[in-house]
Amino acid sequence: MNFSAKLINWYTVNKRDLPWRNTSNPYYIWLSEIILQQTQVIQGTPYYHAFTTNFPSVFDLANAKEDEVLKLWQGLGYYSRARNLHWSAKYIVEELNGEFPNTYKEILKLKGVGDYTASAIASICFNEVTAVVDGNVYRVLSRYFGIETPINSTQGQKQFKQLAQDLIDPNRPAIFNQAIMEFGARHCKPKNPDCNSCTFNQNCQALISNKVDVLPVKLKKTKVSIKYFNFIVVLANNSYTILEQRKGNGIWQNLYQFPLIETKAAVNEQEITKKINDLGVIPNNDFEISLYNTEDIIHKLSHQHLHTKFWIVTTQQSLKNAISTTKLHDFPVPILISNFIEKFDF
DNA sequence: AAACCGGGGAT
DNA sequence: ATCCCAGGTTT
């Protein structure tokens, strides 16, 4: 039996019953693929249910406000996915008459859709013979064929894409693509794969050469930078506060937060008071300040560790652009802010 | 080619 | 503490 046939046999026995496997509606498959980018199934599944429930059709998603889409995406991370999802829904409605594109080439024109996602949708929904290459596929193929080309090099990306394209069953592209990903996720795992019970253990080059634990090869780890975030939690007349929307480049684009003062090092109450005075957030600089968390909250992102202080600033002044604290839950915020809102007794 | 973009699961 | 996750975009 060849690689493809063995793989599909494994899949028919071992596949999970996942929500998006019960549909071939390209809109739902698209939602699932965007949600699952760099996201484990266990984390993405609740969001898939939320989006299909709140936006049952591409028209519903296109008609939503961006804040609504971001709010539903809150906590999932990589928020450009949500913004691009919304942009693409409007594009499909306005430019394509609401009809989902049905070829790899046309699907690729959607924002937030690259080679992997276009291949996945084209194969699963339209039986186009386009091989997917995700993290699972890199791992399975690098091990089975003993390929040591770094998977995050330009050469590696081309090599593995071509190999997957050579291997895909042209008669069953949808099954093949899902099978190789499921096999990577469930059996050929990053750590401690069960090679003894593996259907490929007579032919796996990594197992034969004792290289299972070094494949796939990946270049360089990015180093983490440390930042110091001071959120100014205004509490005016015990019922109003201030939020700002993050603009421009950087993390959490278009999400909301308490006014942020970033510093180059940890600051004390005196220093932050001066900075608040300079900003002129509170009329007449008439406020009292206290630190909510005595120990910095260290919020860890892939490339940054955010050493965070929440400063509680109380005042009796009336503020412009203030919102009722009862409305705080309506805004899309980073999980760091959401956790604070849940804990703090507004 | 390298940097950037989140949050959480698995070990 | 480290690696990884049904990756894509920007610089």
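Chain A is the first sequence line, chain B the second, and so forth, proteins listed ahead of strands; every chain is numbered from 1.
Classified by interplanar angle (parallel below 30°, tilted 30° to 60°, perpendicular above 60°), the ring pair A:F160/A:Y138 is perpendicular. Relative ring orientation between A:F340 and A:F258 is described as perpendicular, the plane-to-plane angle rising above 60° on a 0-90° scale split at 30° and 60°.
For A:S302 against B:dG6, a side-chain N or O and a base N or O form a donor-acceptor pair under 3.5 Å. A:R139 contributes no side-chain N or O that forms a donor-acceptor pair with the base of C:dA6 under 3.5 Å. Judged by atom type and distance alone, A:Q43 does not reach the base of B:dG8 through any side-chain donor-acceptor pair under 3.5 Å.
Between the P atom of B:dG7 and the NE2 atom of A:H305 lies a distance of 13 Å, rounded to the nearest Å. Taking atom OH of A:Y78 as the reference point, atom P of B:dA3 lies 14 Å away to the nearest angstrom. Atom-to-atom, CZ of A:R83 to P of B:dG6 comes out at 8 Å; the value is rounded to the nearest Å. If you take CH2 of A:W30 and P of C:dG8, they are 14 Å apart, rounded to a whole angstrom. A:I107 places its CD1 atom 16 Å from the C1' atom of C:dG7, with the value rounded to the nearest Å. For A:Q157 and C:dG8, the CD to P distance is 10 Å, given to the nearest whole Å. Separating the OH atom of A:Y47 from the P atom of B:dG6 is a distance of 13 Å, rounded to the nearest angstrom.
Residue-level contact check: A:I35 touches neither bases nor backbone, having no heavy atom under 4.0 Å from any strand. Backbone-only engagement by A:D115 is indicated by non-hydrogen atom pairs under 4.0 Å involving sugar-phosphate atoms exclusively. Note on A:G44: nothing from the nucleic acid sits closer than 4.0 angstrom, heavy atoms only. At a threshold of 4.0 angstrom between heavy atoms, the contacts of A:W73 with the nucleic acid are absent. Nucleic acid contact class of A:S153 (heavy atoms, under 4.0 Å, all strands): none. Note on A:V113: only backbone sugar-phosphate atoms sit closer than 4.0 angstrom, heavy atoms only; bases stay farther off. Residue A:G184 is out of contact with every strand shown, counting any heavy-atom pair closer than 4.0 Å.
A:S88 and A:K109 form no side-chain donor-acceptor contact under 3.5 Å, judged by distance and modelled atom types alone. With no hydrogens or angles considered, a side-chain donor-acceptor pair links A:D67 and A:Y256 at under 3.5 Å.
Checked against B:dG7, C:dT9, C:dG7, the side chain of A:N84 finds its nearest nucleotide in C:dT9. Ranking C:dA6, B:dG7, B:dG9 by closeness to the A:Y116 side chain, first place goes to C:dA6. Across B:dG6, B:dC4, C:dC4, the shortest atom-to-atom separation from the side chain of A:Q40 is found for C:dC4. Closest to the A:Q38 side chain, of the nucleotides B:dG8, C:dG7, C:dC3, is C:dG7. Relative to the side chain of A:K218, the nucleotides B:dT11, C:dC4, C:dA6 differ in distance, and C:dC4 lies closest. Looking at the side chain of A:T39, the nearest of the listed nucleotides B:dT11, B:dG9, B:dG6 is B:dG6.
Checking A:L301 against A:K189, the closest nucleotide of DNA chain B that is more toward the 5' end is the one next to A:L301. Checking A:K111 against A:S32, the closest nucleotide of DNA chain C that is more toward the 5' end is the one next to A:S32. Position along DNA chain B of the nearest nucleotide to A:Q304 versus A:L219 favours A:L219 as the more 5'-ward residue.
Ion pair A:D330/A:K71 not flagged as a salt bridge, since none of the NZ, NE, NH1 or NH2 atoms sits closer than 4.0 Å to an Asp/Glu carboxylate oxygen. Under the 4.0 Å criterion applied to side-chain N and carboxylate O atoms, A:R21 and A:E182 are assigned as salt-bridge partners.
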